[in-house]
Q: 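Quick one: the structure is below, questions incoming.
None of these values were measured; they are calculated from a predicted model.
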Amino acid sequence: MAIQRMDNMGIVVDDLDGTIEFLRELGLELEGRAMVEGEWAGRVTGLGDQRVEIAMMRTPDGHGRLELSRFLEPPVVADHRHAPVNALGYFRIMFAVDDIDETVGRLSKLGAQLVSSEVVQYEDAHRLCYIRGPDGLLIGLAEELGSAPGQAR
């Protein structure tokens, strides 16, 4: 077998503290925070000598991790924060939530905005929406309403 598991997903952010606060409000837990710097790290990323402040966030079930990186050196070279959902190479994170309306309400107090003007219901299975969080981070939220036909729970 080539892959054992997906370890984490990484996102480069400008406001590390604000993003941590936002993701904590969403329900993720801060696993750790550190400075990664030096020639060895640059050999991994291909960026040369670098200084990056990172924070590792963990989902409540312990299976998903999100690595947030704030580059101090070298400076960030591209900004994809306001790219539309269909931009090549763009990604979003989707989280399953218990109550999408309550979640959107809490996160809107921290600046989150719905990408569309509404939370949309897909059949009798899910309620879904995309929100923009700190630094324009695109986050999908899904509330499961019940088993969709032909799907196992």
Q: Testing the basics here: between R92 and G140, what is the closest heavy-atom pair and its distance to 0.1 Å?
A: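 Where R92 meets G140 most closely, the heavy atoms are CD-N, 4.5 Å.
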Q: Taking the side chain from E53 and the backbone from M35, do they hold a donor-acceptor pair closer than 3.5 Å?
A: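 Such a contact is absent between E53 side chain and M35 backbone.
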Q: Does the pair I93 and M9 meet the rule for a side-chain contact (heavy atoms from CB on, under 4.5 Å), with working shown?
A: CA-CA 9 Å; I93 308 165; M9 174 184 238; 4.0 Å; yes
Q: Spell out, yes or no, whether W40 and F71 are grouped together once hydrophobic residues are joined by side-chain heavy atoms under 4.5 Å, including indirect joins.
A: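 Yes: a chain of side-chain contacts under 4.5 Å links W40 to F71.
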Q: Mind checking what makes salt bridge (charged side-chain N to carboxylate O under 4.0 Å, His left out) contact with D61, not counting sequence neighbours?
A: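 Partners of D61 under the salt bridge (charged side-chain N to carboxylate O under 4.0 Å, His left out) test: none.
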Q: Locate the shortest heavy-atom distance separating I20 from A55; write the atom from each residue and the value.
A: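 Closest heavy-atom pair between I20 and A55: CD1-CB, 3.6 Å.
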Q: If I compare all heavy atoms of G27 with all of P60, which pair ends up nearest, and what's the gap?
A: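 In this case the closest contact between G27 and P60 is O-CG, 3.2 Å.
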Q: Hey, does V12 have a side-chain heavy atom less than 4.5 Å from the side chain of V76?
A: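 A side-chain contact under 4.5 Å exists here.
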Q: Among D135, L30, L23, find the residue that satisfies the side-chain contact (heavy atoms from CB on, under 4.5 Å) test when tested with L68.
A: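 Filter result, single survivor: L23.
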Q: Can you pull out every side-chain hydrogen bond (donor to acceptor under 3.5 Å, both in side chains) where at least one residue sits in residues 107-120? Sequence neighbours excluded, please.
A: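 Those involving residues 107-120 do not exist here.
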Q: Does E21 have any side-chain contact (heavy atoms from CB on, under 4.5 Å) partners at least two apart in sequence or in another chain, and if so, which?
A: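 side-chain contact (heavy atoms from CB on, under 4.5 Å) list for E21, sorted by chain: L110.
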Q: When you check the gap from the basic side-chain N to the acidic O, do E37 and R51 get nearer than 4.0 Å?
A: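 Between R51 and E37 there is a salt bridge, with a charged N closer than 4.0 Å to a carboxylate O.
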Q: Between D15 and R70, does any side-chain N to carboxylate O distance fall below 4.0 Å?
A: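 No salt bridge links D15 with R70.
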Q: Taking G62's backbone N and O only, do any of them form a donor-acceptor pair with R58's side chain (distance below 3.5 Å, no angle check)?
A: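 Answer holds: no.
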Q: Report the distance from atom OG of S69 to atom CD1 of I11, rounding to the nearest 0.5 Å.
A: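 S69 atom OG to I11 atom CD1 measures 9.5 Å (nearest 0.5 Å).
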Q: For a 4.5 angstrom cut-off between non-hydrogen side-chain atoms, does M56 reach N8?
A: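 They are in contact (side-chain heavy atoms under 4.5 Å apart), so the answer is yes.
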Q: Quick one about Q50 and T45 (side-chain donor to acceptor, distance below 3.5 Å, no hydrogens or angles considered), yes or no?
A: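 Yes.
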Q: What distance do H126 atom NE2 and L145 atom CG have between them, rounded to the nearest 0.5 Å?
A: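 Separation between the atoms: 7.5 Å.
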Q: Just so I know, are the side chains of F22 and I139 near enough to count as touching, which here means a heavy-atom distance under 4.5 Å?
A: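 Yes, their side chains come closer than 4.5 Å.
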Q: For residues L107 and I131, determine if any side-chain heavy atom of one lies less than 4.5 Å from a side-chain heavy atom of the other.
A: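 Yes, close enough: below the 4.5 Å cut-off.
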Q: What pair of heavy atoms forms the shortest contact from G18 to P134, and how long is it?
A: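 For G18 versus P134, the nearest heavy atoms are O-CG, 3.9 Å.
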Q: Just verifying a value: how many Å separate R65 CZ and E31 CD, rounded to the nearest 0.5 Å?
A: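 Those atoms lie 4.5 Å apart.
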Q: Under 4.5 Å between any side-chain heavy atoms of D101 and R127, yes or no?
A: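 Side-chain contact under 4.5 Å: yes.
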Q: Which distance, rounded to the nearest 0.5 Å, do you find between the CZ of F95 and the CG of L66?
A: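 Interatomic distance, F95 CZ to L66 CG, rounded to 0.5 Å: 6.0 Å.
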Q: Salt bridge check: are E29 and R24 linked by an N-O gap of less than 4.0 Å?
A: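 Salt bridge absent between E29 and R24.
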Q: Nearest 0.5 Å please: distance from the CG atom of D99 over to the CZ atom of R106.
A: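 Output value for this atom pair is 9.0 Å.
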Q: Does a side-chain N-to-carboxylate-O contact under 4.0 Å join R33 and D17?
A: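 Yes, this pair counts.
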Q: Could you tell me the separation between the CG atom of L26 and the CG atom of L141, rounded to the nearest 0.5 Å?
A: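 If we round to the nearest 0.5 Å, L26:CG and L141:CG are 6.5 Å apart.
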Q: Are L28 and V104 connected in the hydrophobic side-chain network, where two residues link if heavy atoms are under 4.5 Å apart?
A: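 Same cluster: L28 reaches V104 through Ile, Leu, Val, Met, Phe, Trp or Tyr contacts under 4.5 Å.
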